[in-house]
Amino acid sequence: MRLGVLDVGSNTVHLLVVDAHLGAQPTPQLSRKSVLRLAEHLDKRGDLKVEGADALVGAALGARRQAKELHCDELLAFATSAVRDARNSTEVLARVKEESGVELLVLTGEDEAVLTFLAVRRWFGWSAGRLLCLDIGGGSLELAVGCDEVPEIALSVPLGAGRLTRDWLDGDPPSKQSVEELREYVADQLAGPAKQLLAPGLPDRVVASSKTFRTLARLAGAAPSSAGPRVRRSLQINGLRQIIGFISRIPAADLAELDGVSPGRAHQTMAGAVVAEQAMLALGIPEFELSPWALREGVILRRLDQIH
């Protein structure tokens with residue numbers, strides 16, 4: 001069957017169309033992104049502004065049209081932290097449904113962690129043993145650990161790269177003081193979750209997913225996306241610290257010109273690097289391996305499991 005997955009995130013709206021059936025690897029047919037930065041369209045009261053809602057309706061209309069043109073059997077549409085955190089999310093979701101015909105399912109942070117974990121487990125298989133998975137989004141950081149396809153512990157912490165950039169970092173590039181204050185805040189926020197995740201036992205494999213981790217790994221010398229998904233990519237703490245020192249002196253516009261850095265996310269790279277660094281320290285882990293599969297693939301795999 002052909003499935004369309006519409007992922008409404010804090011930074012982008014991403015339509016992924018795949019041919020899939022139970023027991024086979026989903027085959028991508030289309031991958032298209034629109035940069036909306038919904039998290040930056042929240043006003044002081046926490047409402048999603050009219051221009052943000054307008055852009056979301058337009059993106060949903062476009063995705064529905066493309067899914068129809070490509071003869072998708074289903075369009076699985078979901079939203080994460082930007083819509084979830086908006087005070088007027090109920091009204092926005094109703095408007096999107098009425099004007100575009102797309103019904104968005106709002107995932108909880110724990111839902112995101114569970115589905116991402118499923119995708120990572122299926123990619124690496126049972127040989128990964130006890131698996132610890134991390135995913136940095138625009139609004140939150142998801143963490144999960146376990147030995148099966150359903151994690152024993154699934155957590156969501158408000159440490160997204162977009163959220164932290166907005167709330168903590170000043171200037172372009174940000175000042176050393178704001179970066180140090182952010183480090184202290186992130187370390188404090190991760191202390192409790194790290195203890196929870198490590199309590200059942202040490203992981204056999206630690207895997208990171210998301211565009212933020214891929215960007216950091218690329219800056220550290222990992223293979224480019226053109227090398228394909230099966231090339232092993234990793235991010236080590238020594239390389240990450242070199243990246244932090246490097247990007248701390250570069251304006252976002254210049255950073256965006258580097259290979260692997262998206263122009264729409266360049267200004268969030270420092271915050272993402274700080275979260276990655278502090279997660280490594282809190283968990284006592286010197287290296288993350290990267291997964292090409294994450295939340296969208298988890299949604300597809302869960303749907304296939306339900307059908308069969």
Worked check of side chain to side chain contact (heavy atoms under 4.5 Å, CB included) between I244 and M270: CA-CA 7 Å; I244 291 174; M270 175 58 82; 4.1 Å; yes

Determine, step by step, whether L56 and H41 satisfy the side chain to side chain contact (heavy atoms under 4.5 Å, CB included) criterion, reporting the C-alpha distance in whole Å, the side-chain angles of both residues, the deciding distance to 0.1 Å, and the verdict. CA-CA 11 Å; L56 179 53; H41 286 288; over 6 Å; no

Apply side chain to side chain contact (heavy atoms under 4.5 Å, CB included) to the pair V186 and L141, showing each step before the final yes or no. CA-CA 11 Å; V186 173; L141 166 69; over 6 Å; no

Assess the residue pair L164 and V274 against the criterion (side chain to side chain contact (heavy atoms under 4.5 Å, CB included)); give the C-alpha distance rounded to whole Å, side-chain angles, the decisive distance to 0.1 Å, and a yes or no. CA-CA 10 Å; L164 296 178; V274 169; over 6 Å; no

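Smallest separation of non-hydrogen atoms from L255 and I250: N-CG2, 3.6 Å. Nearest heavy atoms, L198 versus A282: CD1-O, 4.4 Å. Between L290 and A217 the shortest heavy-atom distance is CD2-CB, 3.6 Å.
Side-chain N or O atoms of R84 include one that pairs as donor or acceptor with a backbone N or O of L107 at under 3.5 Å. The main-chain N or O of C147 is found under 3.5 Å from a side-chain atom of R121 such that the two form a donor-acceptor pair. A donor-acceptor contact shorter than 3.5 Å links the side chain of D43 to the backbone of R45. The backbone N or O of G46 sits nowhere less than 3.5 Å from a side-chain atom of D85 that would complete a donor-acceptor pair. Between the T269 side chain and the A266 main chain, a donor and an acceptor come within less than 3.5 Å of each other. The closest donor-acceptor contact from the side chain of E297 to the backbone of A294 lies under 3.5 Å. Under the 3.5 Å distance criterion, the side-chain polar atoms of R233 are matched with a main-chain donor or acceptor of P224.
A salt bridge between E40 and R166 is absent, with no side-chain N of the basic residue lying under 4.0 Å from a carboxylate O of the acidic one.
In this view, F246 satisfies the ring pair (Phe, Tyr, Trp, His ring centres under 6.0 Å) rule with no residue, not counting sequence neighbours. Listed by chain and number, the residues in a salt bridge (charged side-chain N to carboxylate O under 4.0 Å, His left out) with E181 amount to none (sequence neighbours excluded). Evaluation of the salt bridge (charged side-chain N to carboxylate O under 4.0 Å, His left out) rule for R249 yields no partner, not counting sequence neighbours. Every residue was checked against the side chain to side chain donor-acceptor pair (under 3.5 Å) condition with S210, not counting sequence neighbours, and none meets it. Under the rule for a side chain to side chain donor-acceptor pair (under 3.5 Å), the partners of R87 that lie at least two apart in sequence or sit in another chain are D47. Listed by chain and number, the residues in a salt bridge (charged side-chain N to carboxylate O under 4.0 Å, His left out) with E110 amount to none (sequence neighbours excluded).
Listed by first and then second residue, the ring pair (Phe, Tyr, Trp, His ring centres under 6.0 Å) pairs that reach into residues 268-298 are W123-W293, F213-F288, sequence neighbours excluded. Residue pairs meeting the ring pair (Phe, Tyr, Trp, His ring centres under 6.0 Å) criterion with at least one partner in residues 73-94, sequence neighbours excluded, do not occur; the list is empty. Listed by first then second residue, pairs satisfying side-chain hydrogen bond (donor to acceptor under 3.5 Å, both in side chains) with a partner in residues 51-67 read D54-R95, not counting sequence neighbours. Among pairs with a residue in residues 131-146, those fulfilling side-chain hydrogen bond (donor to acceptor under 3.5 Å, both in side chains) read D135-S209, S140-E142, E142-S156, at least two apart in sequence or across chains. Sorted by first and then second residue, the side-chain hydrogen bond (donor to acceptor under 3.5 Å, both in side chains) pairs with a member in residues 182-195 read E180-R183, R183-E277; sequence neighbours excluded. Applying the salt bridge (charged side-chain N to carboxylate O under 4.0 Å, His left out) test to pairs two or more places apart or on separate chains, those with a residue in residues 11-35 are R2-D19.
No option in N11, T165, T215 other than N11 meets the side chain to side chain donor-acceptor pair (under 3.5 Å) test with Q268.
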